[in-house]
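Fair warning: this is a prediction, and the values are worked out from it, not measured in the lab. Just so it is clear, the values below take in all heavy atoms, side chains as well, and ignore hydrogens, waters and symmetry mates.
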Amino acid sequence: RVDSAARATALAMSYDIVVDCTDAPSSRYLLNEACVAAKRPLVAPSAVGLSGQLTVYNLDGGACLCCAFPQRPANADEEEPVASCEENGVLGPIPGVLGTLAAVETLKLLAGGALAATCLKD
């Protein structure tokens with residue numbers, strides 16, 4: 001269980017790329033902090049309902065999750081909670097497609113961009 005920024009950073013430093021496979025905003029922000037500290041890119045797919053998105057944060061010192069979304073989402077017990085799969089559901093194939101795209105993006109990063117001409121464009 002990774003429940004501290006220090007532990008997450010230590011783990012992130014052991015890898016070239018971190019792929020976020022969580023569905024909790026608090027975990028996403030923890031991974032983001034770890035990747036920024038470890039200077040590692042974070043491949044971050046997310047899905048809820050009928051939609052999803054895929055982003056690579058902190059690539060070569062670029063924008064991170066906190067740059068894009070500086071205000072952390074509210075918890076479920078607060079006034080304006082963030083949408084979650086548990087409460088809003090998600091169409092089954094959506095996470096599968098996003099997981100596949102995240103894997104492709106990770107392979108492109110590991111290949112140093114050599115696959116960019118033959119894979120989906122950003």
Heavy-atom closest pair, residues [X] and [Y]:
X: Y29; Y: R72; value: CB-NH1, 2.9 Å
X: E33; Y: T9; value: O-OG1, 4.5 Å
X: R40; Y: M13; value: NH2-O, 2.9 Å
X: D23; Y: P25; value: O-CD, 3.9 Å
X: Y57; Y: C64; value: CD2-C, 3.5 Å
X: A38; Y: A12; value: CB-CB, 3.9 Å

Heavy atoms, side chains only, cut-off 4.5 Å: are [X] and [Y] in contact?
X: T22; Y: R28; value: yes
X: L101; Y: P45; value: no
X: L54; Y: V43; value: yes

Indicate if [X] and [Y] have the same hydrophobic cluster label, given that clusters are the connected sets of ILVMFWY residues with side-chain heavy-atom separations under 4.5 angstrom.
X: L31; Y: L65; result: yes
X: V36; Y: L11; result: no
X: V90; Y: V97; result: yes

Problem set entry | Partners passing side-chain contact (heavy atoms from CB on, under 4.5 Å) against A63 (at least two apart in sequence or in another chain) |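 In terms of side-chain contact (heavy atoms from CB on, under 4.5 Å), with neighbours along the sequence ignored, A63 is linked to C67.
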Exercise. In Å, rounded to the nearest 0.5 Å, how long is the span from CG of D16 to CG of L110?
Worked result: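 Between D16 CG and L110 CG, I get 6.5 Å after rounding to 0.5 Å.
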Problem set entry | OG on S51 to CG on L98, rounded to 0.5 Å |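 Answer rounded to 0.5 Å: 9.0 Å.
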Problem set entry | Matching residue for P41 among D60, N58, L59 - test: side-chain contact (heavy atoms from CB on, under 4.5 Å) |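 Option passing the side-chain contact (heavy atoms from CB on, under 4.5 Å) with P41: L59.
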Exercise. N32 pairs by side-chain contact (heavy atoms from CB on, under 4.5 Å) with which of V18, L42, D20?
Worked result: L42
